[in-house]
Amino acid sequence: MADPKGFLTTGREVAKTRPVAERVKDWNEVYVPGSLLPIISKQAGRCMDCGIPFCHNGCPLGNLIPEWNDYAYREDWAAASERLHATNNFPEFTGRLCPAPCESACVLGINQPAVTIKNVEVSIIDKAWDSGDVTPQPPERLSGKTVAVIGSGPAGLAAAQQLTRAGHTVAVYERADRIGGLLRYGIPEFKMEKVHINRRIEQMRAEGTKFRTEIEIGRDIDAAKLRRRYDAVVIAAGATVSRDLPVPGRELNGIHFAMEYLPLANKVQEGDFVAPPITAEGKHVVVIGGGDTGADCVGTAHRQGAASVTQLEIMPKPGEERNAGQPWPTFPMLYKVTSAHEEGGERVYSVSTTHFEGDEDGNVQFLHLVEVEFVDGKLTQKPGTERRIPAQLVTLAMGFTGTDQENGLVQQFGLELDERGNIARDADYATNVPGVYAAGDAGRGQSLIVWAIAEGRSAARGVDRFLTGTSELPAPVKPTDRALLV
């Protein structure tokens, strides 16, 4: 145990953010560089090294949290990094982007603020990179087997790294011009600077993983031909079909899916554009959807100089503390103020969009909404609450409905789908097509980055067993596992 009295003598302290007026002028990460290391050892010392650490249950990766907390408390950063990487290929991603279900399940969180597990995690991995403790781990010998991974998001990258280290020759196919999937083009720079992706890609290249960009399986290469070329295939193409809003006026100019809007802002940071083709500059912006993607749109609009930003959510405003219906250690639905929300804008709950109104040139100008409430379990409009708000740029951030079926991948492979439209898998992540596996959102549906990495690792074990008859790779989750919710 790190500090036997740490949870009694030390209060919770999290990473400091830069002043709003400063950070909205740039695209750097919002946190004060280096602010965690002076405090993180004491924060790690708050961990109680519980006999039954429920943080393990909260984390689908099964991260060895009490162990690396102990090493971080003792400032043994090399050992902490080793324990961290034992279960997680990319802790710099989860340490920045995961909503930390491990903290919701922290035993200390029953009656005190939970351990800052996420901050400890990112401190360990950043220190490991700075100290040179993160190095390529090429296989000792090659198996002679080849694997194609379709998609370079967290699930695809995790599967590829595991299979490469197991000795297989792996090629990752990505339809975008750069590797990373939604990590690259869905996550704004102010949440995670892309240097963190780039150096992982270089590590994977050094280990032997091959990367093929601007190739869409189903359109550029027939999926059936790809299957014949490789001994196994892992589909980690994500759930990229955005949920639409079929209301009058949807066809007006200025209404875009979040994943049309956000990638263009990231491409500016990559140097592809001087200014984004879709910009919030000087416009009244409305973001429809109250989740993390919606918050990313809010923060992006602030940095582009929006005249105003309004975020709409159809559900009621969550509470700020757990209620009896969301007991520990479940992941509670709480009111969340992200760094983007700290920067301004208005959040409106319990409203539904009825239609859009445009000008004579076909550009959206107003959004009409109505308040809603649940009556007998059914969402119902409240009469007399209709109103309109200015809207010159609207982003739809209402989630995703499944993997892309228009590019031909599903049909060309001959894949079976489950009742939710996801790619069906068995307990080893194998599809109905021999040698073809599915991991991440493509099989699970829209989920968290930590689940994607866990599925990528687990699918790699299934592929390794298929290719060699046995496997020593870990499989932290089953396809049927779900987060602990109420």
Side-chain angles (χ1 to χ4, degrees), residues 17-31 93 96-99 153 176-178 180-197 238 240 242-245 253-313 336-348 353 363-364 367 389-400 446 449:
T17 54
R18 295 186 290 133
V20 169
E22 171 190 321
R23 71 189 194 227
V24 296
K25 296 178 181 178
D26 61 45
W27 294 83
N28 301 330
E29 290 183 10
V30 301
Y31 297 104
F93 302 166
R96 286 174 168 82
L97 305 175
C98 182
D177 59 344
R178 293 180 177 88
L182 289 185
L183 293 171
R184 174 75 64 182
Y185 287 132
I187 303 297
E189 287 275 329
F190 58 82
K191 284 182 67 175
M192 187 179 75
E193 295 172 12
K194 300 308 175 274
V195 63
H196 303 295
I197 303 175
T240 57
S242 299
R243 180 173 284 107
D244 208 343
L245 184 62
N253 299 323
I255 304 173
H256 304 276
F257 290 119
M259 288 311 300
E260 294 173 332
Y261 173 62
L262 292 173
L264 296 176
N266 280 3
K267 282 180 171 288
V268 173
Q269 305 310 308
E270 297 279 5
D272 295 345
F273 301 115
V274 174
I278 303 173
T279 180
E281 184 177 2
K283 298 176 182 177
H284 296 290
V285 178
V286 178
V287 178
I288 302 179
D292 287 339
T293 303
D296 293 343
C297 292
V298 170
T300 299
H302 289 320
R303 283 159 180 76
Q304 291 178 342
S308 68
V309 183
T310 305
Q311 186 176 18
L312 307 181
E313 169 58 58
K336 182 179 179 182
V337 179
T338 70
S339 63
H341 297 129
E342 293 174 350
E343 295 161 1
E346 182 182 4
R347 303 168 76 178
V348 183
T353 302
N363 301 308
V364 67
L367 179 150
I389 58 176
Q392 296 166 316
L393 172 64
V394 178
T395 60
L396 307 180
M398 303 179 297
F400 303 89
Q446 180 184 352
I449 180 175

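FYI, the numbering just counts along the sequence from 1. This one's a predicted model, so the numbers in the text were calculated from it and none came from an experiment.
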Are Thr338 and Val298 packed together at the side-chain level, in the sense that at least one heavy-atom pair is separated by less than 4.5 angstrom?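 The answer is no; the side chains never approach within 4.5 Å.
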
Counting C-beta onward and ignoring hydrogens, is there a side-chain heavy-atom pair between Leu97 and Asp292 closer than 4.5 Å?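 A side-chain contact is absent here, since even the closest heavy-atom pair is not under 4.5 Å.
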
For Glu270, does the CD atom have more than 12 heavy-atom neighbours from other residues, nucleotides or ligands under 6.0 Å away?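 More than 12 within 6.0 Å, yes.
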
Compare every heavy atom of [Y] with every heavy atom of [X], then report the nearest pair and how far apart it is.
X	Y	value
Ala295	Ala340	O-CB, 3.2 Å
Val285	Ala306	CG2-CB, 3.8 Å
Val268	Pro276	CG2-N, 3.5 Å

Arg178 versus Tyr185, side-chain donor and acceptor atoms under 3.5 Å: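 Side chains of Tyr185 and Arg178: pair found under 3.5 Å.
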
Calculate, to the nearest 0.5 Å, the distance between atoms [atom1] and [atom2] belonging to [X] and [Y] respectively.
X	Y	atom1	atom2	value
Thr293	Leu396	OG1	CG	12.0 Å
Ile288	Phe257	CD1	CZ	11.0 Å
Glu313	Met398	CD	CE	11.0 Å
Thr395	Asp296	OG1	CG	10.0 Å
His256	Ile278	NE2	CD1	4.0 Å
Tyr261	Asn266	OH	CG	11.0 Å

Looking only at atom types and distance, does a side-chain atom of [X] sit under 3.5 Å from a main-chain N or O of [Y], one as donor and one as acceptor?
X	Y	value
Gln446	Phe400	yes
Asn363	Gln392	no
Arg18	Asn28	yes

Taking side-chain contact (heavy atoms from CB on, under 4.5 Å) as the criterion, tell me which of Glu342, His341, Glu343 meets it with His302.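 That would be Glu343.
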
Evaluate side chain to side chain contact (heavy atoms under 4.5 Å, CB included) for Ile197 paired with Arg184, printing each intermediate quantity in order. CA-CA 8 Å; Ile197 303 175; Arg184 174 75 64 182; 3.7 Å; yes

Quick one: which of Lys191, Arg23, Arg96 gives a side chain to side chain donor-acceptor pair (under 3.5 Å) with Glu29?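 Of the listed options, the one satisfying the test is Arg96.
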
